[in-house]
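Just so we're clear, the structure is a prediction, and the values are computed from it rather than from any experiment. Both backbone and side-chain heavy atoms feed into the values below; hydrogens, waters and symmetry mates do not.
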Amino acid sequence: MTDVQETDIDIQTEEGVADACLVHPADGRPRPGVLFYQDAYGLRPQLRKMAGRLAAAGYTVLVPNVTYRLGRAPVVELPEFIDTDADPTIWKKLGPIVSALTPDLIGRDSAAYLRWMADSPLVADGPVAITGYCMGTRLALWTAAAHPDRVAAAAGFHGGMLATDDPTSPHLSAPRITAELYLGHADNDRSLPPEQIERLEKALTDAGVRHTCEVYPGAGHGYTQADTPVYDEEADERHWAALLGLLERTF
């Protein structure tokens, strides 16, 4: 695998400074850019490790702390191994933080992230790709819709609340998306029941969006996150194969 370099950086947004992790091949050559959206637990060692694996495959990966308005990561102190069944207070703290992320807010912030990537000598010219996890799937879809000229591909894994009755539901942004999408859904996910999957699929198809939606049998919500009890190694490796396949088709 390619040696990588990891750096902590700050990105100026319209409303403050977002701390972020940047990981790229150590040779310093410009590589295709990937905007990596966190899950609810935020920027932490697990996501840095995932970004490193992606960078080692030949990409420059930016992982912003999307909750920077509340402070630098970690916004909420979490144990090394995150078990919300053992400590239900974790979600009590995280719930309001997740709910505060709206399409308008993410549209503004993502403009800053994408501008930073466009200006960086470590990112190759042209559109970028996005990958998102858990709530990051919503952010990926909102960003792809807000900046169709800058996003060539977007992936999301174990995303939830993707096709609800809320007027900000991500599936409603499908007509503005030009990127190719790959969505790897968790199995029996209460945050993405079958009726939402069907509604999302119909919205993407009706809008003519190139997409693949798959349910990973037996894989629970959060299956890519090795610092949680729901981690599923088989599903995680399937996720890597799907994500790298999408990036190879794109760049």
Please list all pairs passing the ring-ring contact (aromatic ring centres under 6.0 Å, His included) test where one or both residues lie in residues 15-54, with sequence neighbours left out. Phe36-Tyr133

Is a side-chain N or O of Thr228 found less than 3.5 angstrom from the main chain of Gln225, in a donor-acceptor match? yes

Would you say that Arg48 contacts Met50 through its side chain, given a criterion of any heavy-atom pair below 4.5 Å between the two side chains? no

Backbone of Val209 reached by a side-chain donor or acceptor of His211 within 3.5 Å: yes

Look only at the side chain of Ser173 and the backbone of Ala145, and say whether a donor-acceptor pair between them is shorter than 3.5 Å. no

Residues two or more places apart in sequence or in another chain: which of them pass ring pair (Phe, Tyr, Trp, His ring centres under 6.0 Å) with Tyr216? Tyr223

Would you call Asp165 and Arg199 a salt bridge, taking side-chain N to carboxylate O under 4.0 Å as the test? yes

Suppose we screen for salt bridge (charged side-chain N to carboxylate O under 4.0 Å, His left out). Which residues come up paired with Lys93, at least two apart in sequence or across chains? none

Treat each ILVMFWY residue as a node, draw an edge where side-chain heavy atoms are under 4.5 Å apart, and state whether Val17 and Leu43 are in one component. no

Give a yes or no on this: more than 12 heavy atoms of other residues, nucleotides or ligands lie within 6.0 Å of atom CG of Asp3. no

Identified side-chain hydrogen bond (donor to acceptor under 3.5 Å, both in side chains) counterpart of Arg72 within the set Asp10, Asn65, Thr67: Asp10

Report yes if some heavy atom in the side chain of Asp227 is under 4.5 Å from a heavy atom in the side chain of Arg44; otherwise report no. yes

Write out all pairs satisfying side-chain hydrogen bond (donor to acceptor under 3.5 Å, both in side chains) with one or both partners inside residues 241-251, taking only residues at least two apart or from two chains. Glu180-Arg249

Quick check against the 3.5 Å criterion: does Gln196 have a side-chain atom that pairs as donor or acceptor with the backbone of Ala163? yes

Quick note, ring-ring contact (aromatic ring centres under 6.0 Å, His included) partners involving residues 70-106, not counting sequence neighbours, are none

Output the rest of the hydrophobic cluster of Val4: all Ile, Leu, Val, Met, Phe, Trp and Tyr residues reachable through side-chain heavy-atom contacts under 4.5 Å, sorted by chain and number. Val23

